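What follows is a short report on a single structure.
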Amino acid sequence: MDHFSLPKGKAHLQIPNLTLEAYTCGDGGFENYPARKGWTPEEVAGQNSFGGRSRQEVQSFFQNWLYFGCATEVLAIAGVGMCQSDLLDETGHFLSTRRLPRLIRQWRSNVRRLGGKSTGTHIDWAMKTARILKRVSDFVDSYCLPYYGVRAAAVEGLGGAHSPVSELTWVSIIALGHTLGEAMLAYYGIVRTGNNWGASRLLKRHLLDNGWCPMDVERSMTDMGIDGHYYLSQMKRPESHISHAGCTVAECRARNVDKETYRQKHVRETNDCGGAVKADVVSVIQTINLEGHIPVFRWNSREKRLEMESSRMIRRGVSDPPFVTISHVWSDRMGNLTENSLLECQLDRIQNAVLAVAKSGKVKGRSPRHFWLDTLCVPVGVENRKVRREAIRKMADTYKAASAVLVLSSTLEAVSTTDSEEEISLAVYLANWNRRLWTTQEGMLAKVIMLQFADKAVSNHDLEYPGVEKSIASGHCISFPHTASNSAMAEFVVLRDFLRDDLFAALGSVHKRFGPLAPTIKALQTRSTSWRSDETICFGTLIGLNLKPLQDLEEEMRNEYRLKGQPLADNEPVPDLELAKRRMPLFLSKAKVFPRDIIFNTHRRLDTEGFRWAPASFLGIPRRGFVRHGEGKPAILDKKGRGLPITGDGFIFTTDDNVPRNSSSILLITVPRSGGQSLDLTLTVVQPGDNDSSRFIWKADIKYGVILDKSLVKLAQESSEDHHRTSYPRVSQGGSGAVSSQDSGSEADGSDLLEEDDLTESGYSDDSIDSEYLDPVTTHDFASGGLAASDSEDDRDPESETYERRRDPSMPDGPEPVKKQDDYLTDELESESELGQGNKVDQRSDWRSVLRDDDRSEVNLAPKENDARVSVSEVGTYIKDGKWFIT
């Protein structure tokens, strides 16, 4: 790990050399190494405890093969020779990569001597290198944290075996693979975006143990490679003053606003600040009520006066007078819940920053001197509810007309533009501004985004990291500064241009309606908000919906409370979660057109009649847990209130009397096909995990309908291509459990399941089914609400119970025991004899806290008692291109 960068003052993690002999090349190269050492494929897969070998022998073999062998064989392809000692420290007891960059530079030189990239030798070297790294990455995906991308779904898992090496060793294997992979991409001219390597459980747990937000940690595992994870694990946590103990992988709650304790924050000593300065609310309201105008302010620090003007919004980036909008996070304490006022010291800071932006050369036209800030420009108080709604409706035009959007974030302002690229990129990536809901639309609608660092503001387009290219050329191959920053800011470039230029409309009227939805969900799904009812307002703003019906719903609900004899006090808001629940169906009814994939998601569902196919919220949906790119046309909400009509393949099956009333039961289904052939599928329940009162339970002697996200023909084709793999993803739901359906010999498809009562409401035939909603390979209990379809392996939710297992041909009763991904926590440190020098971890690295004794326990590979497998013999009609109404 020595070739990776670390924060100043931190030391590298020491990883023991556990090999008993040096790696030796031979016939068959890297792939044939196990055979040369007397290992069978079954033993490599962990069967019979790796052939009955000792723990020491197993660790030695896999470290030799996947670490030393990988480096030796990859470099040898390019004519670079190395010996085992090149990757060891002076003592030989610990791994060291100090010499690795020199070897990689030799590789680069040899590749450049080949000439053009289209030469036969060049292509041959690239393909051989890719095959070796792919083999190693498959082991990483099987025993570590799989990369949640397309490749993860095709991984050949290793049955029910224990991890063959310690988590410490996996860290080094992933690091080496990442480094060689980056070099391969650069030197052979292979184009690929993002990180495609799995992640280390050890580094992830270290971050969590050190108080990082679970949502930030989960996101970072796929947004950057292990070079970034390694750096993060040793850096000081941003916003160390807040606790993430109540956060989850789906939501950061630490940055939410507490109405009872919220106070504005001084930016200099309190005795050097004149206190709060109030805005002229009457003038603000009058301006908001003027069509095409908004209030903007200028702080006269000499006279201590807040001067308001009415700015006329002309077009994108043009207004009179010109102004800068201030985009901030309320957890940085620049907001105000009780009055439209701001501390004098904050006003000084903001005005100086606005003037600096005006002089930066990034703003076209007249230089702005004024600013728009929600704290001053959006009226508060019960008496101003109506005009407040109007100010919010104008916010999209406000951000569009601004000369620039200035981002103020405590995370960014803790770093200077003269700091290292690693620190700058991670400040951008971890900025609290990039984690909140409202700030998405503020950045998305901006003509120019200026990020305020400690010393100056920088345009997001000027975030460059030349050190990454130099690092790859030097053989260190540290790429995370670019990947982290790009992950944080890419949506404000690509999606913004699509929304701004209305590019979806070029694809047709239907695409104009649903096209922006999926990418907008992707942009917002990892963000949080203090008020859930704001979600649909933000979404509606981004995709261009009329916000008035969504806003008026609040007054309608107040009237409903009055009619029920439970009137709300004037200063008492409508309960936020109740308002959010009512707004979502209304939002969906206004959006009308949806990608067919929306029913195949792993999130909790709405329990509103006609909308139980929809996620209860788009926030917190796991990465790749929504858009599945399934087959089929877009779905248009039924005008008659029958739900969302979906066209596609599916089938009907009936549970027998012996089905266990158990939420984790797996049903084995045989689906008949034409020609006398049949296809075996498995249905696995995936519960949402946060709503025990409405968990899905199979019912005996009930007819269920299953909608597939791809045709049964394709399922059969995938089965024949790879009959060894079976994956059991989980399904989430909004009032009940969901079921995931998968072919026992291929990757699972998503599905929705319908119950008999709903199927028989309108009857069903080979051509159509009118029923309630269940995912195509997800089971749905219509009586209790819609279920979510389970995903394929690349769409799984990190919080969910996702299983991966392999079928043993010698076991007629079904697949081998299930191995839970999160249970792969094995020995971190071995015995003193295996380490060579005892349980040594670099004292300065503060790693002892994460290497706990309880991590040395063995993994229980036996299936859980509630994982009963039930064979359902009777399957009704297979429906091809049927029409399903999901209510």
Side-chain angles (χ1 to χ4, degrees), residues 251 388-390 392-396 436-438 440-441 444-445 495 499 504 510-558 560 573-599 601 603-621 625-627 634-646 734-735 773 785-786 788 886-887:
E251 180 183 11
R388 178 181 178 83
R389 290 197 292 270
E390 179 61 27
I392 293 174
R393 279 198 290 271
K394 283 186 172 184
M395 284 181 68
R436 305 305 289 172
L437 176 64
W438 279 101
T440 309
Q441 69 164 11
M444 202 76 73
L445 299 172
L495 180 56
L499 295 175
F504 290 107
V510 174
H511 284 274
K512 180 179 180 179
R513 296 300 299 268
F514 86 88
L517 187 61
T520 303
I521 290 174
K522 183 178 183 297
L524 294 175
Q525 65 193 65
T526 56
R527 293 176 179 256
S528 303
T529 178
S530 300
W531 293 279
R532 282 282 183 173
S533 57
D534 288 349
E535 176 185 354
T536 49
I537 301 295
C538 289
F539 268 97
T541 300
L542 284 173
I543 65 176
L545 290 184
N546 178 9
L547 300 183
K548 191 174 186 302
L550 294 170
Q551 293 177 313
D552 291 348
L553 185 59
E554 185 175 2
E555 285 302 316
E556 293 176 18
M557 293 179 66
R558 299 185 76 86
E560 291 173 6
V574 174
D576 179 60
L577 293 180
E578 185 179 342
L579 179 57
K581 185 177 179 180
R582 290 280 298 275
R583 273 180 174 171
M584 181 58 77
L586 180 59
F587 167 83
L588 296 170
S589 67
K590 298 300 180 184
K592 295 181 182 176
V593 185
F594 306 92
R596 185 178 185 270
D597 314 73
I598 195 170
I599 68 173
N601 72 79
H603 210 34
R604 56 192 176 88
R605 302 300 181 88
L606 286 172
D607 59 5
T608 305
E609 180 73 17
F611 295 94
R612 288 183 289 182
W613 49 270
S617 170
F618 295 125
L619 303 181
I621 290 181
F626 170 66
V627 179
I636 302 176
L637 199 62
D638 183 59
K639 294 181 180 179
K640 298 180 181 180
R642 291 179 294 177
L644 189 71
I646 296 292
Y773 156 68
I886 305 175
T887 63

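Below, all heavy atoms of this structure are taken into account, side chains as well, without hydrogens, waters or symmetry copies. Just so it is clear, the structure is predicted and the values come from calculations on it, not from any experiment.
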Applying side-chain hydrogen bond (donor to acceptor under 3.5 Å, both in side chains), can you list everything that pairs with Glu554, at least two apart in sequence or on another chain? none
Give a yes or no answer on whether the side chain of Arg583 reaches the backbone of Ser533 with a donor-acceptor pair at less than 3.5 Å. yes
salt_bridge(Arg532, Glu251) N-O dist < 4.0 Å: yes
From [X] [atom1] over to [Y] [atom2], what is the distance, rounded to the nearest 0.5 angstrom?
X: Thr541; Y: Leu445; atom1: OG1; atom2: CG; result: 7.5 Å
X: Leu579; Y: Leu553; atom1: CG; atom2: CG; result: 6.0 Å
X: Glu556; Y: Gln551; atom1: CD; atom2: CD; result: 12.0 Å
X: Lys581; Y: Leu606; atom1: NZ; atom2: CG; result: 8.5 Å
X: Leu619; Y: Arg527; atom1: CG; atom2: CZ; result: 10.5 Å
X: Leu545; Y: Leu550; atom1: CG; atom2: CG; result: 7.0 Å

Picking from Lys522, Gln525, Glu535, what satisfies side chain to side chain contact (heavy atoms under 4.5 Å, CB included) with Phe618? Glu535
Using the side chain to side chain contact (heavy atoms under 4.5 Å, CB included) definition, which of the options Ile598, Thr887, Leu588 pairs with Leu644? Ile598
Closest contact, heavy atoms only, [X] versus [Y]:
X: Ala635; Y: Pro645; answer: CB-O, 3.6 Å
X: Gly540; Y: Leu547; answer: C-CD2, 3.8 Å
X: Pro615; Y: Met584; answer: O-CG, 4.1 Å

By salt bridge (charged side-chain N to carboxylate O under 4.0 Å, His left out), which residues pair with [X], not counting sequence neighbours?
X: Arg393; answer: Glu390
X: Asp576; answer: none
X: Lys548; answer: Asp552
X: Lys394; answer: none

Hey, are the side chains of Ser589 and Leu637 touching, using non-hydrogen atoms and a 4.5 Å cut-off? yes
Is any side-chain heavy atom of Arg596 closer than 4.5 Å to one of Ile646? yes
Taking atom types as modelled, find out whether Thr529 and Arg436 have a side-chain donor-acceptor pair closer than 3.5 angstrom. no
Quick one: do Ile537 and Trp438 satisfy side chain to side chain contact (heavy atoms under 4.5 Å, CB included)? Show the steps, please. CA-CA 9 Å; Ile537 301 295; Trp438 279 101; 3.9 Å; yes
Only pairs at least two apart or in different chains count here, so list each ring-ring contact (aromatic ring centres under 6.0 Å, His included) that has a residue in residues 574-595. Phe594-Trp613
Leu517 vs Val593, side chain to side chain contact (heavy atoms under 4.5 Å, CB included): CA-CA, chis, key distance, verdict: CA-CA 9 Å; Leu517 187 61; Val593 185; over 6 Å; no
Derivation and outcome, side chain to side chain contact (heavy atoms under 4.5 Å, CB included), residues Leu542 and Leu524: CA-CA 11 Å; Leu542 284 173; Leu524 294 175; 4.0 Å; yes
Tell me, with the steps shown, if Arg582 and Glu560 meet side chain to side chain contact (heavy atoms under 4.5 Å, CB included). CA-CA 13 Å; Arg582 290 280 298 275; Glu560 291 173 6; 2.9 Å; yes
